[in-house]
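Each remark here refers to the structure printed beneath this line.
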Amino acid sequence: MATLFTGIKQLLTFAGDKAPRQGAAMREVGLVKNAAVLVDSGIIVAAGSRAAVSRHRLAKKAGKIEVSGVCLPGFVDSHTHAVFAEPRLKDFSMRTAGASYQEIKAAGGGITSSVGAVRRQPQRAMAEQLAARAAGFLECGTTTAEVKSGYGLNMESELKILRAVREAQKLTPLEMLPTLLAAHSVPPEFNGEAQKYLDYVTAGILPKVAAGKLAVFADIFCEKGYFTPEQTTAYLKEAKRLGLTPKVHSEQLSNCGGTRAAIAAGVISADHADHVYAEDIAAMREAGTIAALLPASNFYLGLTKYPPARELIAAGVPVALATDFNPGTCPCWNMQFVLSAACTHCGMTPEEAICAATVNGAWALGIGGRVGSVIPGMQADLAFFATEDYRELCYYFGANQCVMTVKKGKIVYENHPVSHRRRPC
Ligand code: NIG
Ligand code: FE
């Protein structure tokens, strides 16, 4: 049976080109007041004014859900490291005492300090932990998330992580797209020999992951002390040859050329972009590469420098926003906080920020033709918020304003305050 979500005060449809949004188009939210969305078999069949949608032939017999508030496409979080066994509380204490990310790494913390517990964790426990975290994403209005490996750093554990993502997919309605991030850091047993480790990944893990279709994307951390731009290009080209879509962590802590190196291998998105120079921005614009900005990680690291969203948008680079949820630089899964950080610290408008967290997030995962906007034919992934105006999503921060999440037409989370009570007719 069809379902009619009606009584929506403000609906943001993001109707527009079936392409990543850039420049002024990032501010075109497709606002409809007093709106409704009609869903059938998990697909949106009509979205727009309440009056127009209720005239649709399927609307008469549909189950009606009165919702009120604001409705958006479910958030698409295009960058997470949601598989990790333990929080890094020792790193956190060091940070509160003033240590930088690099200093924490030098003292034995950082990425490789997450590896031991991940290697010890059984796959089933990992999948259950991920499914429990997925519930947190759904509660905050995220309906799709990319999930990276990268804390296993050997064949057995990287494969285990990706298989755990696959297993967790059966335990949660959150849609998860897996990424192989074996090139996250050099594991201790390689004694800092980055090329030797990359050769090991390229010869063994990469082909195995590609053959088993265990990941959609391959990612690499291009940064001083991790992997070089030359290694980035070669590794991502090989990943692409094997059928994985390349992504990159680049210019996060310094400008070391990772963005352009990754563009040479055809990345779909270049993520972080904190230290991009004009020539990197020009290269992204030229290649159509999406800049996935992760300002919640800058916030958590206590940085004063944030990614230059205004320059990127002015240059016509499509900008996406994601959490970067991970134990080292961003223990936050709430995309609503990312909206606030993007507006407050990167100078993005609420319209641009919400576009970046929905439609452009979807394009950063190559699925913008299926999710990320509320138009007929798209998957019915919706998030409802107990606010009068969509700008309140960026204005209030530190709270979860999401009251209902819908995935493929089904309610997967619901927490209605009395004033937004659901009224089935
Ligand atoms: O995106 N920079 C690389 N990866 C993560 C951090 C991972 C960690 O510290 O555990 C990031 O910030
Ligand atoms: Fe990351």
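Order of appearance sets the numbers: ligands from 1, and atoms from 1 within every ligand.
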| request: Determine whether F92 and Y300 make a side-chain contact, defined as any pair of heavy atoms from C-beta on separated by less than 4.5 Å. | output: yes
| query | Just wondering, do V403 and F385 contact through their side chains at under 4.5 Å, heavy atoms? | reply | no
| said: Using a 4.0 Å cut-off on heavy atoms, what residues surround ligand 1? Order them by chain and number. | reply: H79, H81, R88, Y101, I111, Y151, H184, F221, H249, Q252, H272, D324, N326, G328, T329
| message | For the Fe ion (ligand 2), which protein N/O/S atoms fall under 2.8 Å? Skip waters. | response | H79 NE2, H81 NE2, H249 NE2, D324 OD1
| Given T142, T172, D381, the one that forms side chain to side chain donor-acceptor pair (under 3.5 Å) with K407 | D381
| How about Q22 and V317: do any of their side-chain heavy atoms sit closer than 4.5 Å? | no
| field | Which residues share a ring-ring contact (aromatic ring centres under 6.0 Å, His included) with F84, sequence neighbours left out | value | F325
| query | Taking it one step at a time, do F299 and F337 satisfy ring-ring contact (aromatic ring centres under 6.0 Å, His included)? | reply | CA-CA 10 Å; F299 175 89; F337 178 76; 4.9 Å; yes
| So, H249 and H184: side-chain donor and acceptor under 3.5 Å apart, yes or no? | no
| Excluding sequence neighbours, so at least two apart, what forms side chain to side chain donor-acceptor pair (under 3.5 Å) with Y235? | none
| note | Closest non-hydrogen contact found for D271 with S269 is OD1-OG, 2.7 Å
